[in-house]
Every structure is written in C-alpha cells, then in structure tokens.
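Structure record follows, encoded as structure tokens.
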Amino acid sequence: MRAHRLLVSVLASFALSSAAFAGSISPSMVPSEVKAAFQKQYPSAQILEWDYEEDEKAYEVEARIGKAEIDAMYSEKGELIVSKEDVAAGAIPKDVLDEVRQKWQRAEILGANKITTPKGITWDIGLKIRSQYHNVKVQR
C-alpha cells in the first residue's frame with residue numbers, strides 16, 4: 001500500500017512538472033509577478049493561453065484585445081522579454097505613419113505589428129504597393 005501511494009505521488013509530481021515544461025500550462029502555474037506584468041502592460045486583454053518556454057526559461061501568453069492578437073514573453077521574475085501586438089492601420093501613431101508615407105508615398109498601409117522589447121519599440125508595417133505586399137520596419 002505504501003509503495004502504491006509513493007508511486008502515485010511520484011507520477012503526480014512528474015505530470016505536474018512535465019506540464020510546466022511542455023507548453024500550455026494552467027494559469028495557476030504562472031508566477032504572480034508574470035501575471036502582474038502582463039496585466040499592467042495590457043489591462044483590458046483577454047488571456048487565451050499561457051505557455052512555458054523551457055529553453056528561454058520564460059512564460060508566454062497569448063491574448064486578445066477585441067480582434068487584435070497579442071503574444072508576449074516574460075522572464076520568471078516578470079520582466080518583459082518581447083511582446084507583439086496587432087495594430088489596425090488607423091491606430092498606428094501619426095509619427096510612424098508620417099515616416100512610412102514619406103518613404104513610400106503610394107503605398108497602402110494595411111496594418112502593423114507593434115513589437116516591444118526592453119530596448120524599445122519596432123513597428124512592422126504591412127504595405128501594399130502596386131498589388132505587391134511588403135513589410136517595413138520603423139524603430140522608436
């Protein structure tokens with residue numbers, strides 16, 4: 001009986017620890033510092049899924065604000081590693097749009113990804129120029 005309980009205990013521990021290292025995890029397994037950092041950065045976001053990336057020792061979250069998708073990665077201490085969020089063409093900041101329009105005057109601006117790291121923000125802008133699609137990057 002005792003060996004049976006020990007086996008059950010070991011298997012349960014293995015199942016819980018392997019879930020933490022194998023992708024999708026329960027929100028209860030995410031450190032409060034990570035949840036708080038995400039909540040501060042995206043207070044109105046709806047969280048879809050949490051993952052743990054063993055190679056980076058980081059937590060990844062997939063979320064939405066309306067129809068816009070957000071992917072973000074945080075260290076175990078809640079420090080932002082990188083986030084990427086969809087941004088509609090009409091929500092891209094004016095200074096970024098002005099820079100794009102200055103270089104690509106005839107381009108149709110389709111939308112963007114706002115990529116945030118501790119070093120700053122990169123806008124990955126989707127353009128359509130004469131029926132061809134291009135992406136350009138603007139640093140901030």
**OP:** Would you please name every residue forming a side-chain contact (heavy atoms from CB on, under 4.5 Å) with I129, sequence neighbours left out?
**Re:** W104, A107, L127, H134

Original post:
So do E33 and K77 actually touch side chain to side chain, heavy atoms under 4.5 Å?
Top reply: no

Subject >> Y133: hydrophobic cluster co-members (side-chain, 4.5 Å) >> reply: L110

Original post:
OG1/T117 to CE/M73 distance, rounded to the nearest 0.5 angstrom?
Top reply: 13.0 Å

Subject >> Stepwise salt bridge (Lys or Arg N to Asp or Glu O under 4.0 Å) test for E99 and R140 >> reply: CA-CA 11 Å; E99 186 173 331; R140 288 290 176 259; 2.9 Å; yes

Subject >> side-chain contact (heavy atoms from CB on, under 4.5 Å) assessment of E85 paired with I65 >> reply: CA-CA 9 Å; E85 59 185 285; I65 297 177; 5.6 Å; no

**OP:** With D86 as reference, evaluate K114, R64, E69 under the side chain to side chain contact (heavy atoms under 4.5 Å, CB included) test and give the passing residue.
**Re:** E69

Subject >> Interatomic distance, I25 atom CD1 to E60 atom CD [nearest 0.5 angstrom] >> reply: 10.5 Å

Original post:
Are Q41 and L80 side-chain neighbours, meaning at least one heavy-atom pair lies under 4.5 Å?
Top reply: yes

Original post:
Rounded to the nearest 0.5 Å, how far does CG of D98 lie from CD1 of I92?
Top reply: 11.5 Å

Original post:
For the residue pair I81 and A58, what are the closest heavy atoms and their distance?
Top reply: CD1-CB, 3.5 Å

Original post:
If every non-hydrogen atom of A63 is compared with every non-hydrogen atom of A45, which pair is closest and at what distance?
Top reply: CB-CB, 4.2 Å

Subject >> Spatial distance of atom CD1 (I70) from atom CG (N113) [nearest 0.5 Å] >> reply: 11.5 Å

**OP:** Evaluate the side-chain proximity of I109 to L97: yes if any heavy-atom separation is below 4.5 Å, no if none is.
**Re:** yes

Original post:
Heavy atoms, side chains only, cut-off 4.5 Å: are W50 and V34 in contact?
Top reply: yes

Original post:
To the nearest 0.5 Å, what is the distance between CH2 (W123) and CG (D95)?
Top reply: 9.0 Å

Original post:
Linking I/L/V/M/F/W/Y whenever any side-chain heavy atoms sit under 4.5 Å apart, do Y42 and V82 land together?
Top reply: no

**OP:** Measure the shortest side-chain to side-chain distance between V61 and K35 over non-hydrogen atoms and say whether it is less than 4.5 angstrom.
**Re:** no

Subject >> Within-4.5 Å side-chain heavy-atom neighbours: D51 and E62 >> reply: yes

Original post:
Looking at side-chain heavy atoms only, is the closest gap between I115 and I121 below 4.5 Å?
Top reply: no

Original post:
Taking K57 for the side chain and Y52 for the main chain, is one N or O donor matched with an acceptor at less than 3.5 Å?
Top reply: no

Subject >> Close aromatic pair by centroid cut-off 6.0 Å: Y74 and Y59 >> reply: no

Original post:
Is any side-chain heavy atom of V138 closer than 4.5 Å to a side-chain heavy atom of T122?
Top reply: no

Original post:
How many angstroms lie between atom CG of D71 and atom CD of E49, to the nearest 0.5 angstrom?
Top reply: 10.0 Å

